[in-house]
Amino acid sequence: MTEYIQPARVRFAPSPTGFLHIGGARTALYDYLLAHQTGGAFVLRIEDTDQKRYQESAEQDIKDALTWMGIQPDEGPDQGGPYAPYRQSQRIDIYREQAERLIENGQAYYCFCTPERLEKVRKEQQKNNQTPHYDGTCRNLDSEESARRAAAGEPHVIRFKAPREGQTTAVDALRGEITVDNSTLDDMILIKSSGLAVYHLAAMVDDHLMGITHVFRGSEWLPTFPIHVLIYRALGWEEPIWVHLSVLLKPDGKGKMSKRDTELAREQGFPIFMKDMEELGYIPEAVINWIALMGWSYDDKTEFFTLEDLVEKFSVEKLNPSPAAINFSKLDHFNGLHIRQLAVEDFASRIKPWFEKADLHPEDEMLIQVAAALQNRTPKLTEVVDMGGFFFRDQVKLEVERVVTPKMSAVQAAEAAGRILDLFQGLDEINQENAEGPLRELASGMGLKAGQIFGLLREALTGQKVSPPIFDIIPILGRKTVTQRLENARDLLRIEADKSSG
RNA sequence: GCCCCCAUCGUCUAGGGGACCAGGACAUGACCCUUUCAAGGUCAAGACCGGAGUUCGAAUCUCCGUGGGGGCACCA
């Protein structure tokens, strides 16, 4: 655990443009971990300054996802807090004020260039193999004149006056110093002609005003990192600790997840959006463990972590700056691990909805027993109905072709079913202790292998080829059901036997 | 085209000059356990991108190359 002198105030600042995906969830997780580890605050801030890309449902999806993961913000649009409002669209005046401060200091300026002209300039630069940059037309306009034009209502944006000479050094917690030549910097737009601020200004202003101590963000911000540092400095503020997280790559490691890949993954049953996790049978404990380990590690052997473990053990220093390919099979592994770790009652309550969705309605007492039988063979919740649905169905149907094989005729199978029935009826209690031996004897007596008898029994009781162990199943089903299913199986096999002999 | 970042098994990673003929996990293969499927156990295979330096000594430091990724909007 890292020693932080001050409680960290960390913010998760998504823009509501779509569903929360793995990458965003991971950033939020790290935010939460550091905040909780230091007794600080986890702040949710909605960065909705882009009216074009805004999606009404997105904010709710993000909140739902955080709730599902069990990482609730301490401050945010819903919980409020000392720095409200937490939605950037409600903080327009604040950005404007800061931008004007920058203009007064000569660190920003009004720009009256039209988007059309800008586009033309950009095309031209690209044609000449130059880096597209603002050409500086309005950079040196007379300030009083500019102010007058702006005040008169002439359409304008506000641009940052980036230095043209020298170098700028910014410090990232994972990469150390990053130095760029100022000549490569652009005069970024701070305030759009609509009056709304752009990320470059809004995020900096909010981070400072909200007392943010650590900024976790994606590495796609690295190229504009020096600009952000310059804006902080121009405003006269002390910088937070910057932490640029590595990007998440496609499973094959070639490129980051695109929209197309996302759809493809979804088709193949791979979850990219947090909203899909539950539906695909993953539990939050596993997802959190899995996500935490993409870009962070604890030591050379420990990999199983609960949220509490992570709060205790997380540290910025152990974050890995290199890009990581998403490994879905590891998610499955963690899911199984965490499922097995659950208390049976807990597991039972989580699988209940799945049975109900399949129109199966287990009673709680029986559900617990079923849960116990299913728990260590359930990699994903989606599979519990396939594996354990037979417990709750009125009847099951033995698959004749799986029982009657070249090695066991229908006649033999029918006879075996009858004998198992007889055997069970002679037993006070059908359990492994007093039934397994006789069953094996029965098999050898008929010239069959034990596996054939157990296979037949399994088919008769479950209608499935695979199931939990037979002697785990029998007490749950109860003698009556066991007898019935066995009788049905025997009858079915007799019909089959008649067919083949006739 | 320009700028920035990254670089250990197929994948996620440990490693921060000698403890490394490089450790763990997933996936893969084999075996054990076994009434099926899992789980579990054992074992196997599998990597320091290349080249120069620095150093008595480099996976670890520096530089160059290469490869990969990201960015270059009145989007975040």
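Quick note: numbers below take in every heavy atom, side chains included, and nothing from hydrogens, waters or symmetry partners. So you know, we letter chains A, B, ... as the sequences are listed, proteins then strands, and number each from 1.
- One atom, CG of A:Leu319, and another, P of B:rG15, lie 13 Å apart when rounded to the nearest Å.
- Near RNA chain B, meaning a heavy atom under 4.0 Å away, the residues from residues 121-138 of chain A are A:Arg122, A:Asn129, A:Thr131, A:Pro132.
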Please list, pair by pair, any protein nitrogen or oxygen found under 3.5 Å from a nitrogen or oxygen in nucleotides 32-34 of chain B.
none

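- Across the protein-nucleic acid pair, A:Arg217 atom CZ and B:rG71 atom C1' stand 12 Å apart, rounded to whole Å.
- Across the strands present, B:rC33 finds no partner; the criterion is a Watson-Crick or G-U wobble pair with both atom distances under 3.5 angstrom.
- With B:rG15, B:rC75, B:rC12 as the choices, the nucleotide that has an atom nearest any side-chain atom of A:Lys330 turns out to be B:rC12.
- For A:Val466, taking side-chain heavy atoms from C-beta onward, the closest of the listed nucleotides B:rU36, B:rC12, B:rA14 is B:rU36.
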Check against side chain to side chain contact (heavy atoms under 4.5 Å, CB included), A:Leu20 and A:Phe273: CA-CA 6 Å; A:Leu20 184 65; A:Phe273 297 123; over 6 Å; no

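- Ring pair A:Trp242/A:Phe225: centre-to-centre distance below 6.0 Å.
- Taking only side-chain nitrogens and oxygens, A:Arg340 never comes nearer than 4.0 Å to OP1 or OP2 of B:rA38.
- B:rU8 sits 11 Å from B:rG50 when the P atoms are compared, rounded to a whole Å.
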Short heteroatom pairs, N/O only, protein and nucleotides 5-10 of chain B, under 3.5 Å:
| residue | atom | partner | partner atom | Å |
| --- | --- | --- | --- | --- |
| B:rC5 | O2' | A:Arg175 | NH1 | 3.2 |

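- When the side-chain nitrogen and oxygen atoms of A:Thr49 are compared with OP1 and OP2 of B:rA76, one or more of them lie within a distance under 4.0 Å.
- Rounded to whole Å, the distance from CH2 on A:Trp290 to P on B:rU11 is 16 Å.
- B:rU54 is unpaired under the Watson-Crick or G-U wobble criterion, no partner having all donor-acceptor distances under 3.5 Å.
- Atom P of nucleotide B:rA76 and atom CD of A:Glu220 are separated by 13 Å, given to the nearest angstrom.
- Atom name P, nucleotides B:rU13 and B:rC9: the rounded distance is 11 Å, in whole Å.
- A:Glu303 has its CD atom 16 Å from the P atom of B:rG23, to the nearest Å.
- With a 3.5 Å ceiling on both atom-pair distances, the Watson-Crick or G-U wobble partner of B:rC72 is B:rG1.
- Under 3.5 Å, the side chains of A:Gln88 and A:Asp48 contain no donor-acceptor pair of N or O atoms.
- Side chain of A:Trp221, nearest nucleotide from B:rG24, B:rA38, B:rA76: B:rA76.
- For A:Trp221 and A:Tyr199, the ring centers sit closer than 6.0 Å to each other.
- As the counterpart of B:rU60, no nucleotide is assigned, since no Watson-Crick or G-U wobble pattern has both distances under 3.5 Å.
- Side-chain proximity of A:Leu337 to the nucleotides B:rC75, B:rG15, B:rG40 is greatest for B:rG40.
- Within the cation-pi definition used here (under 6.0 Å to the ring centroid, within 45° of the axis), A:Arg139 does not qualify as a partner of A:Tyr134.
- Distances from the side chain of A:Arg377 to the nucleotides B:rC12, B:rC37, B:rC74 place B:rC37 closest.
- If you measure from atom CG of A:Asp300 to atom C1' of B:rA59, you get 15 Å, rounded to the nearest angstrom.
- Atom P of B:rU11 sits at a distance of 16 Å from the matching atom of B:rG46, rounded to the whole Å.
- Nucleotides B:rA76 and B:rC37 are separated by 47 Å at their C1' atoms, to the nearest Å.
- Taking atom CD on A:Glu459 and atom P on B:rC37, their separation rounds to 13 Å, with Å as the unit.
- Both distances falling under 3.5 Å, in either a Watson-Crick or a G-U wobble arrangement, occur for no nucleotide opposite B:rA38.
- Both distances falling under 3.5 Å, in either a Watson-Crick or a G-U wobble arrangement, place B:rA7 opposite B:rU66.
- We find that A:Asp299 and A:Lys318 are not joined by a salt bridge, their nearest charged nitrogen and carboxylate oxygen being 4.0 Å or further apart.
- Within the structure, every side-chain polar atom (N or O) of A:Lys250 is placed at least 4.0 Å from both OP1 and OP2 of B:rG68.
- B:rA44 is paired with B:rU28 under the criterion used here, namely a Watson-Crick or G-U wobble arrangement in which both key atom distances are under 3.5 Å.
- Side-chain nitrogen and oxygen atoms of A:Lys465 include none within less than 4.0 Å of the OP1 or OP2 phosphate oxygen of B:rC37.
- For A:Thr184 against B:rC3, a side-chain-to-base donor-acceptor contact under 3.5 Å is absent.
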